[in-house]
Amino acid sequence: MVDCPGATGLYTYQLAEHLKVKPGDVLSVPFGSQQLGAIAVRLLSEQPDQLQSAQIRTVDTLISAGFFTASYWQLLERLAAHYQTPLIQVIRTALPPGLLAKSKRRIRLASQPDSSRLSQLTDSAQQLLSRLQQSPTADYSWRYLQKQSRTAYRDLQQLLQQGWVESYLATPRPPRPKQQQAVSLVAHDPCLADLTRRQQEILAVLQRHGGDCWLSEALQLCRTTATTLKGLAAKGCLIIESREVLRTTHGAQGDRDRPKTLTSHQQAALAAINPLSGFASVLLHGVTGSGKTEVYLQAIAPILQAGCSALVLVPEIGLTPQLTDRFQARFGDQVCVYHSALADGERYDTWRQMLSGHPQVVIGTRSAVFAPLPKLGLIVLDEEHDSSFKQDQPIPCYHARTVARWRAELENCPLILGSATPSLESWLQVKGAEAEETSRGGEAEREPAEKSSESDERQGGQKITDPKATTPPATGSPSQLPRSPLPHSLYLSLPQRIHTRPSPPIEIVDMRRELGVGNRSIFSRTLQRSLQAMQDAGNQGILFIHRRGHSSFVSCRSCGYVIECPRCDVSLAYHQPHSQARPTLKCHYCGHAQGHPAACPECGSPYLKRFGSGTQRVVSELAKQLPDLRCIRFDSDTTRTKGSHRALLSRFAQKEADLLVGTQMLTKGIDLPQVTLVAVMAADGLLYMSDYWAAERTYQTITQVAGRAGRGDQPGRVIVQTYTPEEPTIVAIEKQDYAAFASAELAQRKALGYPPYGRLVLLRLSSLDAIAVEHTAEKVAIALEKDYLSELVSERDYTILGPAPAPILRVAQRYRWQILLKLTLGVALPDIASLRQHCPDRVSFAIDVDVLNLF
Ligand code: ADP
Ligand code: ZN
Ligand code: ZN
């Protein structure tokens with residue numbers, strides 16, 4: 001694989017006799033007229049048929065051997081095979097862009113030159129050699145040497161061949177401290193400054209926030225522009241200056257956060273985790289606030305002490321600043337944050353820094369599962385049930401939990417999956433057949449510490465599960481149906497919140513009854529009363545609205561025309577960042593943006609009406625019914641710009657509002673002690689989505705939001721409004737009985753052959769050409785059945801659904817069709833990647849193995 005923009009394929013080179021190369025080594029190769037960095041992907045024993053010897057060029061040198069560990073390379077190969085993706089795509093996903101181009105190649109003396117052979121060198125090669133010998137470090141960057149002589153390349157080849165010098169990739173210097181603009185208020189004479197009302201307002205807002213913050217935060221908080229702030233700076237009211245962003249605010253050892261004294265449940269969990277030395281998969285099941293993070297921290301400490309590193313995967317970095325802060329408070333600058341939203345340069349720096357092998361903790365989102373930590377001692381997946389661990393596109397459509405499991409197996413280290421609401425897949429893996437039986441209450445959960453020490457004795461080692469287990473070894477396909485828990489799997493639970501603050505009870509409100517007694521508001525009487533009581537007590541609350549369709553839209557009051565995206569089959573969302581801004585219309589699918597038209601494009605009527613999003617509607621209803629209640633909207637419209645999450649949350653934390661009204665984003669990372677009330681507007685919206693795991697997601701989402709209530713000293717209250725209170729999922733939510741929910745839901749999945757009892761593979765096709773994509777989808781479906789399945793898989797073991805148009809047929813002008821393949825568990829998926837051959841160039845084709853998102 002060649003590291004050059006635009007070069008997307010694999011290229012074949014030949015190796016000189018003396019060069020020993022392994023997959024994963026970094027090479028230097030000729031490419032066109034350039035000299036490029038490359039990675040050896042695969043060694044071929046025979047020359048490929050379609051290539052002539054004369055066409056194959058020769059690898060120049062081995063720049064760095066063992067750049068990747070063997071197990072890292074195996075991981076990438078396994079991913080490519082399982083997700084039926086070309087290895088090259090997997091490598092591109094794993095490595096930061098421009099890795100090799102940016103790596104600094106250096107040359108140094110390797111051995112004392114044999115003077116009798118010196119004469120074999122050309123003059124210029126001798127010069128190069130003496131230049132190196134004269135340098136105090138006997139070491140130069142290749143770039144520098146190239147500048148010294150036009151023949152540097154040939155000269156170097158001679159020296160390399162003699163074995164007198166070697167070339168290597170330098171570990172970069174630690175990333176440069178980042179500078180960022182900051183704003184601070186200065187004392188000024190209000191009379192002299194001659195300020196407008198707006199300017200005074202801005203200063204007042206800044207004052208309220210402590211008078212010092214980052215420029216980006218200030219823009220958010222004051223809803224103003226940089227020009228306005230500069231104007232204020234010119235009047236001497238504030239200073240804008242560049243300031244260093246500290247990687248950690250707790251640098252000094254002294255003021256670091258100290259490990260907490262563990263509760264007995266935490267102790268039991270840690271006692272089971274600490275002795276694990278090889279691969280094991282641990283499900284840490286604990287309600288929010290039960291102290292899981294503290295267990296991660298204390299499980300990681302000894303790993304670092306032993307000189308190893310740990311990887312912590314979280315669903316979304318932006319939403320969990322508190323988690324990152326806690327890790328930094330505990331481990332200081334041994335913590336590094338890695339995710340794909342980092343700028344290329346930052347990603348590259350962090351990546352090379354990880355390769356250095358210093359013991360460290362890497363916190364990141366799903367792509368961080370590829371963090372190249374050489375000595376990995378532990379992997380943690382927090383909120384393991386979260387669907388953002390699954391990549392829908394581009395290929396490879398991997399699930400970070402699956403990849404993390406493979407990685408832990410390959411590195412032979414433990415994997416901790418933490419959640420308040422485990423995925424049914426992970427639940428089944430640790431519980432086996434027990435998960436399917438009707439709940440046996442407390443009896444089902446034996447004391448974790450006892451369980452592991454017991455089996456330790458019987459097994460005399462690290463085997464954790466019942467020795468009578470009859471399932472295949474853990475290294476088998478993760479899709480094996482466990483009758484007993486999978487070997488090497490361990491269930492630990494933290495059933496109580498810290499300080500035994502009880503989890504708040506969940507009250508289910510039947511909205512049909514509200515109608516029955518004549519309450520036609522979207523707020524039940526209970527909810528109205530509790531909102532009032534909350535405000536009277538000076539507390540705060542969260543109102544959660546589930547919403548699928550994204551946002552607001554604009555429609556004509558005369559003819560009903562809805563303004564749609566010209567490139568997708570969806571309506572455009574109304575967008576106005578602040579009240580002075582010109583309104584625009586934007587597409588959430590493809591990013592298309594246009595000005596708000598003055599008149600209806602269809603009939604010319606000037607009466608265009610904006611229909612608010614779910615959140616907006618709820619907020620305006622609230623304003624009518626409880627006019628004194630101050631609300632902050634927290635949804636994709638109000639949090640689109642960078643830093644707005646933090647800014648809105650900090651305004652809420654400063655009690656600038658009583659209620660936070662929002663969507664999905666509220667489920668994560670909000671840990672505010674003064675929140676006493678959490679309400680879910682309509683739980684039903686979550687249930688009636690037509691994918692197979694709607695119920696699981698409903699249970700998870702509502703439980704997560706509910707967990708935001710009552711984290712402080714005051715007890716919390718949770719109200720869930722629904723039109724179907726008898727729905728088993730809602731009943732299980734009310735009782736907060738995860739085991740009961742899981743066993744009922746698993747029974748259904750089993751009956752229908754859905755995951756985790758069956759596998760789903762989605763083939764996605766798309767094209768600008770509506771006819772071509774439909775025809776291709778039909779051809780592919782026929783070929784799939786005829787050439788792959790009917791020969792290799794028994795007829796009972798598969799079902800093909802479709803081809804069918806995707807739920808939103810057109811996105812970014814591309815028409816989309818899909819074919820869903822359902823497979824019996826344990827049946828190997830034939831290699832279907834070659835179905836691509838049925839697709840003409842203008843139809844793109846992707847395979848999503850173990851698909852989650854069917855939309
Ligand atoms: P989770 O990750 O399960 O949501 P956390 O680890 O965040 O739970 O713990 C919730 C709160 O309790 C945090 O504020 C944390 O600092 C505190 N905490 C955790 N463990 C302890 C302990 N053993 N003693 C005192 N406080 C603790
Ligand atoms: Zn119209
Ligand atoms: Zn669009």
Side-chain angles (χ1 to χ4, degrees), residues 257-270 284-300 312 314-315 320-327 329-330 380-384 416-422 492-501 503 550-551 553-573 575 585-594 597-609 667-673 703-704 706-713 808-816:
D257 164 42
R258 306 202 166 277
K260 298 194 163 50
T261 312
L262 297 181
T263 65
S264 61
H265 286 109
Q266 285 175 317
Q267 242 165 32
L270 198 66
L284 184 61
H285 183 191
V287 294
T288 19
S290 62
K292 294 186 294 296
T293 311
E294 187 62 33
V295 172
Y296 305 152
L297 288 165
Q298 298 203 22
I300 288 170
V312 179
V314 296
T320 48
Q322 287 171 333
L323 182 104
T324 323
D325 292 350
R326 278 176 71 188
F327 273 80
R330 188 69 57 87
V380 174
L381 231 101
D382 190 32
E383 311 284 1
E384 66 90 28
I416 303 179
L417 305 173
S419 177
T421 51
L492 302 173
S493 92
L494 300 177
Q496 279 165 15
R497 283 190 169 191
I498 295 293
H499 310 308
T500 51
R501 277 172 297 194
S503 293
H550 246 314
S551 341
F553 62 97
V554 175
S555 122
C556 168
R557 281 207 282 190
S558 309
C559 75
Y561 177 80
V562 174
I563 302 184
E564 289 193 344
C565 176
R567 313 170 55 190
C568 311
D569 290 336
V570 293
S571 52
L572 288 175
H575 193 58
L585 300 176
K586 277 192 182 162
C587 173
H588 287 303
Y589 285 81
C590 73
H592 166 89
Q594 65 184 53
C600 170
E602 194 67 12
C603 72
S605 154
Y607 301 109
L608 290 174
K609 181 169 164 44
T667 53
K668 291 171 207 159
I670 298 172
D671 185 2
L672 296 171
T703 311
Q704 297 284 337
R708 308 289 139 213
R711 306 194 114 204
D713 298 329
I808 298 172
L809 174 61
R810 196 172 55 120
V811 170
Q813 286 180 323
R814 299 184 73 87
Y815 294 86
R816 310 172 326 145

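We count ligands from 1, going down the list as the structure has it; atoms in each ligand are counted the same way. What's counted below: heavy atoms across the whole structure, side chains too, no hydrogens, waters or symmetry copies.
Residues satisfying the salt bridge (Lys or Arg N to Asp or Glu O under 4.0 Å) criterion with R810, sequence neighbours excluded, are D569.
How far CD of Q594 is from NZ of K586: 12.0 Å, rounded to the nearest 0.5 Å. D382 contributes atom CG, which lies 9.0 Å from atom CG of L284 (distance to the nearest 0.5 angstrom).
Of all the heavy atoms of D382, none lies under 4.0 Å from any atom of ligand 1, so neither backbone nor side chain is involved. For E294, heavy-atom contacts with ligand 1 shorter than 4.0 Å involve the backbone as well as the side chain. Neither the backbone nor the side chain of R497 comes within 4.0 Å of ligand 1, counting heavy atoms alone. Looking at I498 against ligand 1, only its side chain comes within 4.0 Å, counting heavy atoms.
Using a cut-off of 2.8 Å, one finds that C565 contributes an N/O/S atom close to the Zn ion (ligand 3).
Per-residue contacts place T261 under 4.0 angstrom from the following atoms of ligand 1 (heavy atoms of the residue considered): 22 (C), 23 (N), 24 (N). Remark: ligand 1 atoms within the under-4.0 Å shell around heavy atoms of K260 are 16 (O), 18 (N), 21 (C), 22 (C), 23 (N), 24 (N), 25 (C), 26 (N), 27 (C). Ligand-side atoms of ligand 1 in range of T263: 23 (N), range being under 4.0 angstrom from any heavy atom.
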Please walk me through it: do D257 and R326 pass side chain to side chain contact (heavy atoms under 4.5 Å, CB included)? CA-CA 8 Å; D257 164 42; R326 278 176 71 188; 5.7 Å; no
Decide side chain to side chain contact (heavy atoms under 4.5 Å, CB included) for E383 and V314; before the verdict, give the C-alpha distance in whole Å, the side-chain angles of both, and the deciding distance to 0.1 Å. CA-CA 7 Å; E383 311 284 1; V314 296; over 6 Å; no
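The N/O atoms of G286, backbone and side chain alike, include none that comes under 3.5 Å of an N/O atom in ligand 1. Considering backbone and side-chain N/O of G289, one or more are found under 3.5 Å from N/O of ligand 1.
Here atom 7 (O) of ligand 1 lies nearest to R326 when heavy atoms of K292, R326, Q267, Q298 are compared.
Listed for the Q266 side chain is no donor-acceptor partner under 3.5 Å among the backbone atoms of E294. The closest donor-acceptor contact from the side chain of Q298 to the backbone of L270 lies at 3.5 Å or more, if one exists at all.
The nearest pair of heavy atoms linking R814 to R816 is O-CG, 3.6 Å.
Inter-residue side-chain proximity for P597 and L608 is flagged as met; some heavy-atom pair is nearer than 4.5 Å.
Within the structure, ligand 1 has V287 among the residues with a heavy atom less than 4.0 angstrom away.
To the nearest 10 degrees, the angle centred on the Zn ion (ligand 2) between SG in C556 and SG in C600 reads 110°.
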